[in-house]
Colleague: 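One structure, as structure tokens, below. Some questions next.
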Amino acid sequence: MVMNPKQVFLSVLIFGVAGLLLFMYLQVWIEEQHTGRVEKKKREQKTTSGWDPVNYLQPVPRIMTRGKIQERITDQNPEFHITEEPKGKKENLLLNSERPTRVLRKTSHSQGEDGALGKPTRPQTIKLSEKLEGTKTVFKKFSERKWPLDIHPLNKSLVKDNKWKETDVAQETRRSFLQEFCKKYGGVSRPQSHLFHMVSRIYVEDKHKILYCEVPKAGCSNWKRILMVLSGLASSAYNISHDAVHYGKHLKKLDSFDLKGIYSRLNTYTKAVFVRDPMERLVSAFRDKFEHPNSYYHPVFGKAIIKKYRPNACEEALNNGSGVKFKEFVHYLLDSHRPVGMDIHWEKVSKLCYPCLINYDFVGKFETLEEDANYFLQLVGAPKGLKFPNFKDRHSSDERTNAQVVRQYLKDLTRTERQLIYDFYYLDYLMFNYTTPFL
């Protein structure tokens, strides 16, 4: 069949119109998809309340639903997993190292491990396979344990004095409050965090069976001095320097043990955490790290903070990072795109010590530090002459950070900024029953 010119023209015209319509439809569809992605990105940026520009900040409502609180508790934990050795280095699992890694293997502090691993009685590959299988078995048993760990009543048989009655009542109230909070809002049946990370802030004192979770700016330096005395590393807490406490590597941490060692200690040792009013702790950290010469925090944090949050900063400030203002520090803290990461000195206690996964037997507060600490020492059977030191670790001439000092710093912030700090530490305020600050 031969088509005449008129039919050919009509066919080409129809196909041309159809092609044009298809092109127009695809163009509209692509534009809609692109617009949707842009709008979604804008919404996400708005909800993260970043600090560029400040006008985008929106305070989170103070009254949160149970679901939102559970979401905050759950979202802060990375996935619970076993780290694997790089390929080609699996044989290292059979060796002890001076400093154990996060890989689940025999460490220098392993408890109850078979000491015959080094005997060349069987091929290495067979022993390696058995070692890996054994690790997986221990890990499986560990992850199937009931979480959070059961709370144990404090052993008060060593407390002879009646003067601790008031302190004891306060302690039982705090423990019960935290336990009820975690039951109501935790919503977690087993740890979702990497186990070794979860216990990485916990110090171990084996002689008196103590686990102490370090919360910086809540008396941690003096607590580490006490642990050194209890373990026989020093005769007096007053003779231990700041550098020896923080850089001496004298104390063991719980993440240096294997899984069996970690779990047995968590389940049998007396676990303590000492906390502080979040706003007061934040101001204390700022004063310590940014208002005095510091060879680490000024170049690492100060320079980055000044560069991002101080318009028209002078060259000297950009070069040395000194002179960070509290308002600039707050902008950094609340920025979802911080120019430099978080630091333990202002990290939330809920992310340092995981109090809804690890049931602490003793909850002390900085506001009653001496009474709480000395009562705790009685509970664990410390030597009678050992008392918690009350001296200021550094900058002893400075006034201690208290509620009045905090108010002076908060005066430089807007109401929105103060509200956002409260929102940032919201879980800590709730967990430890701290009064909502006047904003």
Side-chain angles (χ1 to χ4, degrees), residues 49-55 57 201 214-222 224 240-248 276-349 351-352 366 391-422 424-425 437:
S49 64
W51 280 91
D52 280 330
V54 176
N55 291 338
L57 291 174
R201 305 309 315 166
E214 176 191 30
V215 177
K217 312 313 300 178
C220 71
S221 297
N222 282 338
K224 285 192 268 190
I240 309 172
S241 69
H242 174 86
D243 286 354
V245 167
H246 292 285
Y247 310 119
R276 186 176 186 176
D277 177 275
M279 205 77 78
E280 193 174 295
R281 181 171 162 253
L282 177 68
V283 173
S284 177
F286 172 77
R287 295 177 72 200
D288 180 30
K289 304 306 177 188
F290 296 102
E291 291 188 348
H292 296 273
N294 193 296
S295 60
Y296 173 73
Y297 284 91
H298 290 192
V300 175
F301 288 86
K303 287 167 70 172
I305 289 172
I306 290 172
K307 182 179 180 180
K308 184 166 185 179
Y309 307 107
R310 184 181 298 178
N312 306 315
C314 69
E315 189 174 345
E316 183 182 0
L318 289 170
N319 287 336
N320 60 33
S322 299
V324 171
K325 298 172 183 175
F326 185 62
K327 191 180 187 76
E328 295 166 341
F329 174 65
V330 169
H331 284 198
Y332 145 78
L333 178 77
L334 301 174
D335 191 348
S336 58
H337 304 287
R338 299 183 191 95
V340 61
M342 277 295 287
D343 183 84
I344 60 170
H345 290 84
W346 45 85
E347 181 62 278
K348 308 159 194 171
V349 178
K351 292 187 74 172
L352 291 173
F366 186 81
F391 64 85
K392 205 167 183 282
D393 188 49
R394 293 200 299 173
H395 318 308
S396 55
S397 61
D398 290 359
E399 180 184 5
R400 279 194 184 273
T401 305
N402 53 34
Q404 186 176 353
V405 171
V406 170
R407 279 195 290 271
Q408 295 300 313
Y409 281 81
L410 295 184
K411 282 192 333 188
D412 296 333
L413 306 181
T414 66
R415 191 178 188 283
T416 297
E417 289 164 349
R418 295 194 297 268
Q419 171 70 51
L420 284 168
I421 296 174
Y422 171 71
F424 183 83
Y425 291 109

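Just so you know, these numbers use all the heavy atoms, side chains as well, and skip hydrogens, waters and symmetry mates.
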Colleague: What are the two closest heavy atoms between Glu417 and Thr414, and how far apart are they?
Modeller: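 Taking Glu417 first and Thr414 second, the nearest heavy atoms are OE1-N, 2.8 Å.
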Colleague: Check step by step if side chain to side chain contact (heavy atoms under 4.5 Å, CB included) holds for Ser284 and Arg400.
Modeller: CA-CA 8 Å; Ser284 177; Arg400 279 194 184 273; over 6 Å; no
Colleague: Identify the two heavy atoms, one from Thr401 and one from Arg287, that lie closest to each other, and give their separation to 0.1 Å.
Modeller: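 Here Thr401 and Arg287 meet closest at OG1-NH1, 2.8 Å.
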Colleague: Report the C-alpha separation of Val405 and Glu399 in whole Å, then their side-chain angles, then the decisive distance to 0.1 Å, and conclude whether the side chain to side chain contact (heavy atoms under 4.5 Å, CB included) test is met.
Modeller: CA-CA 8 Å; Val405 171; Glu399 180 184 5; 3.8 Å; yes
Colleague: Is it the case that Lys348 places NZ or CZ above or below the six-membered ring of Phe424, under 6.0 angstrom from the centre and within 45 degrees of the axis?
Modeller: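 Yes.
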Colleague: Check whether any side-chain heavy atom of Asp398 sits under 4.5 Å from a side-chain heavy atom of His292, and report yes or no.
Modeller: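 Of all side-chain heavy-atom pairs linking His292 with Asp398, at least one is under 4.5 Å.
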Colleague: So do the side chains of Lys351 and Met342 get within less than 4.5 Å of each other, counting heavy atoms only?
Modeller: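 Side-chain contact under 4.5 Å: no.
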Colleague: Less than 4.5 Å apart, any side-chain heavy atom of Val215 and any of Phe366?
Modeller: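 Counting from C-beta outward, Val215 and Phe366 never come under 4.5 Å.
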Colleague: Look up atom OG in Ser322 and atom CD1 in Ile306, then write down how far apart they are to the nearest 0.5 Å.
Modeller: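 Rounded to the nearest 0.5 Å, the OG-CD1 separation comes to 7.0 Å.
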Colleague: With a 6.0 Å cut-off (strictly less than), is the heavy-atom count around NZ of Lys307, excluding the residue itself, greater than 12?
Modeller: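 No, the 6.0 Å shell around NZ holds no more than 12 heavy atoms from other groups.
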Colleague: Less than 6.0 angstrom separating the ring centers of Phe329 and Phe290, yes or no?
Modeller: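 Ring centres of Phe290 and Phe329 closer than 6.0 Å.
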Colleague: Drop me the distance from Leu282's CG to Glu347's CD, to the nearest 0.5 angstrom.
Modeller: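 So the CG of Leu282 and the CD of Glu347 are separated by 11.5 Å.
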Colleague: We want to know whether His242 and Ser221 form a side-chain donor-acceptor pair, criterion being a heavy-atom distance below 3.5 angstrom.
Modeller: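 On atom types as modelled, these side chains do not qualify, holding no pair under 3.5 Å.
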Colleague: Between His246 and Lys224, do the side chains contain a donor N or O and an acceptor N or O under 3.5 Å apart?
Modeller: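 Side-chain D/A pair, Lys224 to His246: present.
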Colleague: Report the C-alpha separation of Asn320 and Lys303 in whole Å, then their side-chain angles, then the decisive distance to 0.1 Å, and conclude whether the side chain to side chain contact (heavy atoms under 4.5 Å, CB included) test is met.
Modeller: CA-CA 6 Å; Asn320 60 33; Lys303 287 167 70 172; 6.0 Å; no
Colleague: Apply ring pair (Phe, Tyr, Trp, His ring centres under 6.0 Å) to Tyr409 and list each qualifying residue two or more places apart in sequence or on a separate chain.
Modeller: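 Ring pair (Phe, Tyr, Trp, His ring centres under 6.0 Å) list for Tyr409, sorted by chain: Phe326.
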Colleague: May I ask you to check whether Phe286 and Trp346 place their ring centres under 6.0 Å from each other?
Modeller: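 No; Phe286 has its ring centre 6.0 Å or more from that of Trp346.
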Colleague: Looking at every non-hydrogen atom in both residues, tell me the closest pair between Tyr332 and Pro339 and how far apart they are.
Modeller: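 Taking every non-hydrogen atom into account, CD1-CD, 4.3 Å.
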Colleague: With a 4.5 Å limit on heavy-atom distance, are the side chains of Lys325 and Glu328 in contact?
Modeller: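 Yes - at least one pair of side-chain heavy atoms lies under 4.5 Å apart.
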Colleague: Can a donor-acceptor pair be found, under 3.5 Å and without considering hydrogens, that links the side chain of Arg418 to the backbone of Leu413?
Modeller: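 At least one qualifying donor-acceptor pair exists.
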Colleague: Just by distance, no angles: are the side chains of Asp335 and Tyr309 close enough, under 3.5 Å, to form a donor-acceptor pair?
Modeller: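 Yes, because at least one side-chain N or O of Asp335 sits under 3.5 Å from a partner of the opposite role on Tyr309.
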Colleague: Determine the minimum heavy-atom distance between Pro216 and His345, stating which atoms define it.
Modeller: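 Heavy-atom minimum between the residues: CB-CD2, 3.6 Å.
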Colleague: Indicate the atoms forming the closest heavy-atom contact of Leu352 with Arg281, along with that distance.
Modeller: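 Scanning both residues completely, I find the closest heavy atoms to be CD1-NH2, 3.6 Å.
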Colleague: Donor-acceptor check, side chain of His331 to backbone of Arg310, threshold 3.5 angstrom: yes or no?
Modeller: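 Side chain of His331 to backbone of Arg310, a donor-acceptor pair under 3.5 Å: no, none is there.
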Colleague: Could you walk me through whether Lys217 and Asp288 pass the side chain to side chain contact (heavy atoms under 4.5 Å, CB included) test, one step at a time?
Modeller: CA-CA 9 Å; Lys217 312 313 300 178; Asp288 180 30; 3.2 Å; yes
Colleague: Specify the closest pair of heavy atoms between Arg338 and Leu333, including all atoms of both residues, with the distance to one decimal.
Modeller: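 Result for this residue pair: NH2-O, 2.9 Å.
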Colleague: Out of curiosity, Thr416 OG1 to Leu334 CG, how far, rounded to the nearest 0.5 Å?
Modeller: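 Rounded to the nearest 0.5 Å, the OG1-CG separation comes out at 11.0 Å.
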